[in-house]
Amino acid sequence: QVQLTATKLFRMMSWGLNFSSSGSSIYSVGVIVTYSMVADARSGAFTFSRDPQKSFGKASVLIFIDENQNGVWDFGEKRLPKISVLVNQRETDTVSNEEGILFLTNLAPYVPSDITLSMKSLEDPFLRAAIKGVRFIPRPGKTAEINLAIITVGEVDGHVLTETDG
């Protein structure tokens with residue numbers, strides 16, 4: 001019996017081809033496609049991965065400008081697209097979509113994860129994270145909903161002139 005399998009790994013799935021022979025006139029050829037699909041309930045978008053997802057944690061992160069500084073997204077507050085985050089101090093290759101939502105997968109289960117804003121993805125120098133970050137413990141098959149508020153800061157520049165007699 002002879003069996004030959006070739007597999008190509010892509011980011012969202014893996015493709016394979018299987019050839020086997022078990023005698024002088026018995027041959028078989030098979031195509032293998034492997035992927036995992038996860039839905040983000042907050043945005044309704046699907047994420048595909050070549051790795052199984054049920055044993056990992058996930059996070060749906062909403063990034064917005066918190067105009068009233070209450071830490072919660074309120075109707076009318078602007079959601080920010082194209083913002084990235086750090087997970088445990090490592091840059092991710094995922095950015096928030098047009099609705100300001102970023103979906104993270106493959107988070108190690110039962111191990112604390114720290115989510116912080118990547119300050120280099122903020123184009124406006126007067127925007128800052130309202131809090132340093134969020135720590136949570138991912139659970140297998142569950143999606144944590146996290147809000148990362150951004151506030152506007154400012155600076156004052158000028159000169160002070162004092163006059164004294166004498």
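Residue numbers start at 1 and run along the sequence shown.
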In terms of relative ring orientation, are Trp73 and Phe75 parallel, tilted or perpendicular, with 30° and 60° separating the classes? perpendicular

N/O donor-acceptor pair under 3.5 Å between Asp66 side chain and Gly71 backbone: yes

Shortest non-hydrogen contact between Val134 and Asn147, atoms and distance: CG2-O, 4.5 Å

Does Ile115 reach the side chain of Val87, with side-chain heavy atoms less than 4.5 Å apart? yes

Ser21 to Tyr27 - nearest heavy-atom pair and separation: OG-CE2, 3.5 Å

Find out whether Leu62 and Arg79 are in side-chain contact, i.e. whether some heavy atom of one side chain is under 4.5 Å from a heavy atom of the other. yes

Let me check something: do Ile137 and Leu107 share a hydrophobic cluster, defined by ILVMFWY side-chain heavy atoms less than 4.5 Å apart, either directly or through other members? no

Between the side chain of Ser84 and the main-chain N/O of Ser118, is any donor-acceptor distance below 3.5 Å? no

Measure from the side-chain N and O atoms of Glu77 to the backbone N and O of Glu67, and report whether any donor-acceptor pair falls under 3.5 Å. yes

Correct closest heavy-atom pair for Val72 and Phe64 would be C-CZ, 3.6 Å

Calculate, to the nearest 0.5 Å, the distance between atoms CD1 and CG belonging to Ile63 and Leu148 respectively. 5.5 Å

Can you measure from OG (Ser14) to OH (Tyr35) and round to the nearest 0.5 angstrom? 11.5 Å

For a quick test of reading the model, state the closest non-hydrogen atom pair linking Val85 to Thr92 and the distance between them. O-OG1, 3.2 Å

Rounded to the nearest 0.5 Å, what's the gap from CD on Glu145 to CD1 on Ile101? Could you check? 8.5 Å

Is it true that a side-chain atom of Ser96 and a backbone atom of Lys82 form a donor plus acceptor pair closer than 3.5 Å? yes

Quick one: closest heavy-atom pair of Ile151 and Ala130, and the distance? CG2-CB, 3.8 Å

Using a 3.5 Å distance criterion without hydrogens, assess whether the side chain of Ser60 forms a donor-acceptor pair with backbone atoms of Asp40. no

Between Ser20 and Ser28: side-chain donor-acceptor atoms closer than 3.5 Å: yes

Does Val38 belong to the same Ile/Leu/Val/Met/Phe/Trp/Tyr cluster as Val33, with side-chain heavy atoms less than 4.5 Å apart forming each link? no

Cation-aromatic face contact Lys58/Phe56, 6.0 Å, 45 degrees: no

For a 4.5 angstrom cut-off between non-hydrogen side-chain atoms, does Arg90 reach Asn88? no

Contact summary for Ser43 and Glu99, nearest pair of heavy atoms: CB-OE1, 3.9 Å

Once rounded to the nearest 0.5 Å, what's the spacing between atom CG of Asn97 and atom CG of Leu102? 8.0 Å

Taking atom CD as the centre, does Glu123 end up with more than 12 heavy-atom neighbours from other residues, nucleotides or ligands that are less than 6.0 angstrom away? no

For a side chain to side chain contact (heavy atoms under 4.5 Å, CB included) with Val29, tell me which candidate from Leu4, Asn18, Leu17 qualifies. Leu17

same_hphob_cluster(Ile83, Met119) at 4.5 Å side-chain heavy-atom cutoff: yes

Which value, rounded to the nearest 0.5 Å, describes the distance between Met13 atom CE and Ser36 atom OG? 11.0 Å

State yes or no: do Val153 and Leu122 share one hydrophobic cluster built from I, L, V, M, F, W and Y residues joined by side-chain heavy-atom distances below 4.5 Å, directly or via other members? no

Could you walk me through whether Val61 and Leu104 pass the side-chain contact (heavy atoms from CB on, under 4.5 Å) check? CA-CA 8 Å; Val61 183; Leu104 299 170; 4.1 Å; yes

CH2/Trp15 to CD1/Ile32 distance, rounded to the nearest 0.5 angstrom? 11.5 Å

